[in-house]
Amino acid sequence: MKKAPVNKIIQFSNVDGPGNRTAIFFQGCTFNCMFCHNPETINMCRSCGICVKSCPAGALSTGADGKVSWDSVKCVQCDTCIKLCPHDASPRVTWMSVEEVMQQIKRCAPYIDGITCSGGECTLQAGFMTELFAEATKLGKTCLIDSNGSFDFERDPEVLKNSLGVMLDVKAADRAWSETLISDPGDMVRKNLVFLKGIGKLFEVRTIIFPGRDAENEFTVRYVAEKIGDSCPYKIIRYRPFGVRERYQKLLGEDETDIEYAERYAQLARNLGASKAYVV
Ligand code: SF4
Ligand code: SF4
């Protein structure tokens with residue numbers, strides 16, 4: 001039976017797509033974004049054992065096979081383990097089958113519009129998601145993919161079949177800035193932007209605006225706005241340092257982007273034809 005590593009499931013979310021949605025966050029990511037607010041979702045636990053003894057609830061243990069395991073009943077969600085982990089991982093991951101995730105979705109089905117798969121990077125579990133979306137669609141629920149754009153949707157479009165589309169992060173249009181910011185030149189992200197728009201599966205695009213990065217911000221916003229036009233909403237997101245790893249806060253700055261500065265870029269996007277650009 002196919003299983004996927006689930007970091008958490010939020011039964012009712014109103015920030016992961018339209019309406020009330022169940023959001024499934026998978027463990028593991030393909031990028032290492034400097035500004036990541038959930039860096040503990042980037043890597044899989046390598047059972048180094050560093051966090052085990054510090055768990056105040058005795059919820060972590062190392063088995064005879066050397067693997068660290070987590071007891072969700074004992075866990076008090078204090079986050080000590082993820083603060084201590086030097087590998088941007090978490091021991092609090094549950095390998096779940098499609099049926100097990102569906103059981104949770106069915107419990108809140110009368111109260112949700114749909115489901116959203118996020119992460120980490122959910123497309124690492126594309127096959128799992130394809131099956132999950134087929135089951136959720138049978139329940140009459142809409143399905144959304146929240147992606148960093150590293151997956152080749154054109155080569156493997158099956159996952160899009162039962163989905164409204166992709167909420168796509170376009171963090172940088174310039175290869176060098178992208179390499180600095182997300183540890184990847186971003187070629188696949190930009191390819192997806194064009195491909196998904198072309199097949200009507202671009203649900204939303206998001207770009208983070210960094211304080212003082214005038215040239216980089218403008219280059220990205222211009223690029224996206226000219227590509228998407230008024231085809232979908234364009235979220236201009238203010239950089240917020242809270243939760244960002246300390247070493248990256250030093251590089252990106254400790255100030256959040258002020259609203260007037262971000263609004264400049266939303267206006268630029270609207271002027272270029274992305275009429276659904278707005279600041280969050
Ligand atoms: S969050 Fe981590 S450290 Fe805290 S109780 Fe749970 S497993 Fe233990
Ligand atoms: S969560 Fe991190 S610190 Fe804990 S065992 Fe896994 S890799 Fe080591």
Side-chain angles (χ1 to χ4, degrees), residues 1-16 21-98 100-101 103-105 107-108 115-129 146-148 150-151 169 171 181-184 240-252:
M1 191 189 303
K2 195 174 283 174
K3 292 203 170 196
V6 175
N7 178 281
K8 68 179 168 197
I9 295 178
I10 296 179
Q11 288 187 311
F12 302 111
S13 166
N14 57 12
V15 295
D16 293 290
R21 313 188 74 77
T22 294
I24 301 110
F25 295 84
F26 294 99
Q27 184 74 18
C29 192
T30 44
F31 294 159
N32 182 8
C33 298
M34 277 189 181
F35 50 83
C36 184
H37 287 151
N38 305 298
E40 75 279 6
T41 63
I42 293 175
N43 295 314
M44 300 305 294
C45 171
R46 53 179 85 173
S47 292
C48 71
I50 287 172
C51 62
V52 172
K53 283 203 178 71
S54 302
C55 173
L60 299 173
S61 57
T62 305
D65 58 359
K67 293 246 166 72
V68 168
S69 59
W70 170 61
D71 185 331
S72 63
V73 177
K74 285 185 183 167
C75 177
V76 294
Q77 306 289 335
C78 67
D79 287 352
T80 303
C81 50
I82 61 173
K83 284 179 198 144
L84 278 175
C85 179
H87 305 298
D88 296 328
S90 168
R92 295 182 297 173
V93 170
T94 309
W95 286 82
M96 297 179 78
S97 65
V98 169
E100 286 165 336
V101 176
Q103 274 169 21
Q104 298 219 17
I105 293 168
R107 261 185 244 139
C108 32
I115 67 168
T116 299
C117 284
S118 187
E121 173 52 30
C122 64
T123 58
L124 281 170
Q125 312 302 330
F128 183 95
M129 272 201 300
D146 181 340
S147 175
N148 67 15
S150 58
F151 180 76
D169 289 328
K171 287 141 180 170
L181 200 59
I182 69 172
S183 73
D184 185 280
R240 294 167 175 92
F242 181 76
V244 171
R245 288 163 286 183
E246 223 169 272
R247 61 189 184 276
Y248 294 130
Q249 272 192 28
K250 288 197 178 93
L251 292 165
L252 290 170

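Read the numbers this way: they start at 1 and go in the same order the structure lists the ligands and their atoms. The first residue in the sequence is number 1, and the count goes up from there.
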Per-atom contacts of ligand 1 with [X], taking only distances under 4.0 Å to non-hydrogen atoms:
X: Trp70; result: 7 (S)
X: Arg92; result: 1 (S)
X: Asp79; result: 1 (S), 4 (Fe)

Where the side chain of Thr123 meets the backbone of Ala126, is there a donor-acceptor pair that is under 3.5 Å apart?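 Not a single qualifying donor-acceptor pair exists.
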What atoms in ligand 2 come closer than 4.0 Å to a heavy atom of His87? 7 (S)
Please could you name the atoms of ligand 2 that Cys85 approaches to less than 4.0 Å, counting only its heavy atoms?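 Close to Cys85: 1 (S), 2 (Fe), 3 (S), 7 (S).
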Do Leu181 and Leu252 have side chains that get closer than 4.5 Å, going by heavy atoms?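 Counting from C-beta outward, Leu181 and Leu252 do come under 4.5 Å.
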Within 6.0 Å of NZ in Lys3, more than 12 heavy atoms from elsewhere: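 Result for NZ/Lys3: enclosed.
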How far apart are the C-alpha atoms of Val6 and Trp95, what are their side-chain angles, what is the distance that settles it, and do they pass the side chain to side chain contact (heavy atoms under 4.5 Å, CB included) test? CA-CA 6 Å; Val6 175; Trp95 286 82; over 6 Å; no
Using side chain to side chain contact (heavy atoms under 4.5 Å, CB included) as the criterion, point out the one residue from Gln77, Lys8, Gln27 that pairs with Arg92. Gln77
Taking all heavy atoms of Val98 and all of Phe128, pick out the closest pair and write down the distance.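 Shortest heavy-atom contact: N-CE1, 3.5 Å.
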Determine the minimum heavy-atom distance between Gln11 and Gln104, stating which atoms define it.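 Heavy atoms only, the tightest pair is NE2-O, 4.1 Å.
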Below 2.8 Å, any N, O or S contact between Cys51 and atom 6 (Fe) of ligand 2? no
Looking only at protein heavy atoms, identify the closest one to atom 4 (Fe) of ligand 1 and say how far it is in Å.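 Answer for atom 4 (Fe) of ligand 1: Cys78 SG, 2.2 Å.
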So which protein heavy atom does atom 5 (S) of ligand 1 come closest to, and at what separation? Val76 N, 3.4 Å
Mode of Arg46 contact toward ligand 2 - side chain, backbone, both, neither (heavy atoms, under 4.0 Å):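 Within the 4.0 Å criterion, Arg46 contacts ligand 2 through backbone and side-chain atoms alike.
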With atom 3 (S) of ligand 2 as the reference point, say which of Pro91, Cys48, Cys45 has the nearest heavy atom. Cys48
Nearest heavy atom to atom 8 (Fe) of ligand 1, choosing from Gly58, Ser54, Cys55, Cys75, belongs to Cys55
Please confirm whether Cys81 comes under 4.0 Å of ligand 2, counting heavy atoms of the residue only.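 Distance cut 4.0 Å: Cys81 fails for ligand 2.
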Let me see the working for Ile182 and Met34 under side chain to side chain contact (heavy atoms under 4.5 Å, CB included), right down to the final yes or no. CA-CA 6 Å; Ile182 69 172; Met34 277 189 181; over 6 Å; no
